[in-house]
Amino acid sequence: MYNKKKYLLVFTATILLLISYSFVKTNQVETSPRNARALYLQYCASCHGENLDRFAARKWVYGNSVKDVSSTLKNGRPAIGMPEFGKAMTDDEIQALAVYTIEKVAQVPAVVPSTFDVKHIIHSLDLTFRLEEVASGKLKIPWGMAFLPNGDMLVTEKAGQLYQVSKGVMTAIEGVPNVVVRGQGGLLEVAVHPQFKKNNFIYLAYAEGENANALNTSIGRGELRNGKITNFKRIMQAMPATSSGVHFGCRIVFDKNGYLFFSIGERGKKENAQDLTNHCGKIHRIKDDGSIPADNPFVNTPNAIKSIWSYGHRNPQGLYYDKKTDVIWENEHGPKGGDELNIIKKGANYGWPVISFGINYDGTVLTPDTAKVGMEAPKHYWIPSIGPSSLTKVTSSRYPGWEGDFLSGSLSFEYLERSIMKNNRVISSEKLLHKIGRVRNVVQAPDGYIYVAVENPGKVYKIVPVTK
Ligand code: HEC
């Protein structure tokens, strides 16, 4: 009897063990996509979205077989800005992640609806406001925004169109130059000359090249009258032309003396940023016709590009000129972590890629140094990367509570970052409009209102304070 009981016990235990083993086994098959999910969140989500939503309406450039995508992940695709992960994952992991990516992308809807309710009254720490939509419709990626003296807004669509928005009506402007749309390149910034009333000059920054494999950023100037650009001329062309599809810059600001400052990214080749013989990874200063001011810092340096004002930048996409203090502020994309907010000084070196608070996308060390003599430290840095697209300062009295603070568009986390400032330092921050979509631009207009451009679907909103 006792033996029989013992036998039964051993028997039951064995069965239980077998069941749990098979459970673990089947579970293991099921966890392999979960492993891929974990890898995805660790390495990919910051650029492609947590739910792969930035693969929406996907046209594969390099094919979507498991073999193609595995190769994309392993070796990267520099031409379109996709980093390599061969060192971060085993071949098996890469393959599992490729399978996961292909399966999930097939399920992503063409346009991912935002979960943000734009009709809400929004309570920030120091201000209550609502959003008013001022432009939408034809926009997908509204990149640049500028304002004419009559209050009309100019807005670029990265795919190559320029629109004028007048009292809510959006009209396409004629005479826009041909641009190359590739990777992060396309029609980028638009700026209005400080003396527009007299000369009708507007400026455009755009990707241009002999062909799609030899590209860089150009800036051109034309005269805008009655919805049409005439006498458009390129006044600056960044060199060298390259097949890279990333880090074009490019924001434009004028200072009080009428000098034009613009930023160019290092075009995916980090060594460019420390090399004064090319345009890439620099902030430049030119006159309004493209000629070089005699007091630029490197005019007497042999072989240096004469328009360079500062160097050692990665991809500066936010530029703000503070009239009151005569200071230029900039923000730029770091790699994985290490996005920076800087004060731009004449002739200064901002250190990329010698110093950085960031690491490589695959998690490996980029540089052990975050500071070095002769290199400028950022005023603030972001870890993790917010992906700063733009920069403006709140100086208008319309936003009491925000006055003196900086706003940066966040592409990665889809919100507007408010950097709360005191004595030129970021003392705190606040996330505004969280999950509204990739915030491509933020500008305080001459009317004192702040305008925010969001991607896919492209919209421009005005921030309207609500008083109790
Ligand atoms: C630094 C940002 C960044 C990170 C991190 C990143 N990618 Fe990409 N990836 C890009 C860009 C930019 C493109 C080109 C634009 C596009 O296709 O969306 C791209 C394209 C791709 C493509 C399409 C290639 C084709 O043939 O069209 C795949 C697949 C891909 N990425 C998968 C991944 C996966 C999986 C990871 C994580 C291991 C990852 N990416 C991490 C930026 C990134």
Side-chain angles (χ1 to χ4, degrees), residues 76 78-83 143 179-180 182-189 204-220 234-253 260-286 290 292 296-299 301-319 328 330-335 338-340 342 344 346-356 358 360-361 366-367 375-376 387-389:
I80 58 171
M82 168 63 193
W143 214 99
V179 310
V180 181
R182 167 147 187 208
Q184 296 166 5
L187 181 58
L188 307 176
E189 178 77 311
L204 295 172
Y206 50 100
E208 188 187 28
E210 297 255 304
N211 57 61
N213 282 317
L215 284 184
N216 215 323
T217 314
S218 289
I219 291 179
R234 183 205 300 129
I235 59 166
M236 197 296 306
Q237 188 171 27
M239 299 303 264
T242 135
S243 65
S244 160
V246 299
H247 305 176
F248 290 85
C250 177
R251 293 284 176 205
I252 298 177
V253 294
L260 187 162
F261 292 80
F262 62 92
S263 60
I264 307 265
E266 35 75 308
R267 304 290 283 103
K269 190 176 166 197
K270 48 182 188 278
E271 298 75 25
N272 279 340
Q274 292 293 321
D275 177 357
L276 294 175
T277 67
N278 69 65
H279 286 82
C280 309
K282 318 283 177 347
I283 310 286
H284 299 261
R285 178 195 192 227
I286 54 178
I292 307 293
N296 266 8
F298 300 106
V299 282
T301 307
N303 303 322
I305 301 285
K306 309 298 180 218
S307 56
I308 296 174
W309 183 254
S310 66
Y311 64 110
H313 300 288
R314 188 169 178 274
N315 191 24
Q317 291 197 319
L319 216 50
I328 291 178
E330 173 250 29
N331 64 18
E332 65 180 67
H333 295 260
D339 299 350
E340 298 180 355
N342 292 304
I344 299 301
K346 178 179 180 176
N349 180 356
Y350 290 80
W352 175 256
V354 184
I355 57 171
S356 173
N360 289 312
Y361 289 114
L366 175 97
T367 166
M375 294 183 182
E376 297 296 319
S389 63

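Any value given below was found using the heavy atoms of this structure, including those in side chains, with hydrogens, waters and symmetry copies removed.
For Tyr361 against Pro83, the heavy-atom pair with the smallest separation is CD1-CG, 3.6 Å. Gly265 approaches Pro316 most closely through the heavy-atom pair CA-CD, 3.9 Å. The heavy-atom pair separating Gly81 from Val246 by the smallest distance is CA-CG1, 3.0 Å.
For Glu266 (side chain) and Ala273 (main-chain N/O), no donor-acceptor pair under 3.5 Å exists by modelled atom type. Between the Lys270 side chain and the Gly268 main chain, no donor and acceptor come within less than 3.5 Å of each other. No donor-acceptor pair closer than 3.5 Å links the side chain of Glu332 to the backbone N or O of Glu340. Looking only at distances, a side-chain donor or acceptor of Asp339 sits under 3.5 Å from a matching main-chain atom of Gly334.
Pro240 is listed as a side-chain neighbour of Cys280, based on a closest heavy-atom distance under 4.5 Å. Using a 4.5 Å heavy-atom threshold, the side chains of Ile283 and Phe262 count as separate. Using a 4.5 Å heavy-atom cutoff, the side chains of Thr367 and Ile355 are not in contact. Using a 4.5 Å heavy-atom threshold, the side chains of Ser244 and Pro78 count as separate. At least one side-chain heavy atom of Asn213 sits under 4.5 Å from a side-chain heavy atom of Arg182.
With sequence neighbours excluded, the residues that form a salt bridge (charged side-chain N to carboxylate O under 4.0 Å, His left out) with Glu189 are Arg251. Phe261 is linked by a ring-ring contact (aromatic ring centres under 6.0 Å, His included) to Trp309, counting only residues two or more places apart in sequence or in another chain. Judged as a side-chain hydrogen bond (donor to acceptor under 3.5 Å, both in side chains), and not counting sequence neighbours, the contacts of Thr277 are Asp275. Under the side-chain contact (heavy atoms from CB on, under 4.5 Å) criterion, Ala214 pairs with Asn211, Ala241, not counting sequence neighbours. Listed by chain and residue number, His284 satisfy the side-chain hydrogen bond (donor to acceptor under 3.5 Å, both in side chains) test with Ser307 (two or more places apart in sequence, or in another chain). Residues satisfying the side-chain contact (heavy atoms from CB on, under 4.5 Å) test with Glu376, not counting sequence neighbours, are Lys345, Ala348, Tyr350. Glu330 is linked by a side-chain hydrogen bond (donor to acceptor under 3.5 Å, both in side chains) to His313, Asn342, counting only residues two or more places apart in sequence or in another chain. By the side-chain hydrogen bond (donor to acceptor under 3.5 Å, both in side chains) test, Glu208 is found to be paired with Ser218, Arg234, residues two or more places apart in sequence or in another chain being considered. Here His333 pairs with nothing under the ring-ring contact (aromatic ring centres under 6.0 Å, His included) rule; sequence neighbours left out. With sequence neighbours excluded, no residue forms a ring-ring contact (aromatic ring centres under 6.0 Å, His included) with Trp352.
How far OG1 of Thr217 is from CG of Leu188: 6.5 Å, rounded to the nearest 0.5 Å. Taken from OG in Ser356 to CE in Met375, the straight-line distance is 11.5 Å, to the nearest 0.5 Å. The structure places CD1 of Ile292 at 10.0 Å from CZ of Arg285, a figure rounded to the nearest 0.5 Å. Asn272 CG to His247 NE2: the interatomic distance, rounded to the nearest 0.5 Å, is 11.5 Å. His279 NE2 to Met239 CE: the interatomic distance, rounded to the nearest 0.5 Å, is 8.0 Å. In this structure, the separation between CG on Leu215 and OG1 on Thr242 is 7.5 Å, given to the nearest 0.5 Å.
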Checklist line | Worked check of side chain to side chain contact (heavy atoms under 4.5 Å, CB included) between Ile219 and Leu204 | finding: CA-CA 6 Å; Ile219 291 179; Leu204 295 172; over 6 Å; no

Next item on the list: Begin with the C-alpha distance, continue with both residues' side-chain angles, and end with the deciding distance and a verdict on side chain to side chain donor-acceptor pair (under 3.5 Å) for Gln274 and Asn349.
Entry: CA-CA 8 Å; Gln274 292 293 321; Asn349 180 356; 2.9 Å; yes

Next item on the list: Check the pair Asn296 / Lys346 against side chain to side chain contact (heavy atoms under 4.5 Å, CB included), numbers first and verdict last.
Entry: CA-CA 8 Å; Asn296 266 8; Lys346 178 179 180 176; over 6 Å; no

Next item on the list: Please test Ile308 against Lys282 for side chain to side chain contact (heavy atoms under 4.5 Å, CB included), starting from the C-alpha separation and ending with a verdict.
Entry: CA-CA 6 Å; Ile308 296 174; Lys282 318 283 177 347; 3.9 Å; yes

Check: Checking side chain to side chain contact (heavy atoms under 4.5 Å, CB included) for the pair Leu276/Asn303: CA distance, chi angles, key distance, verdict?
Finding: CA-CA 8 Å; Leu276 294 175; Asn303 303 322; over 6 Å; no

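Between Tyr206 and Phe248, the distance separating the two ring centers is not shorter than 6.0 angstrom.
In summary, of the residues considered (Asn216, Asn278, Ile305), a side chain to side chain contact (heavy atoms under 4.5 Å, CB included) with Ile264 occurs for Asn216 alone.
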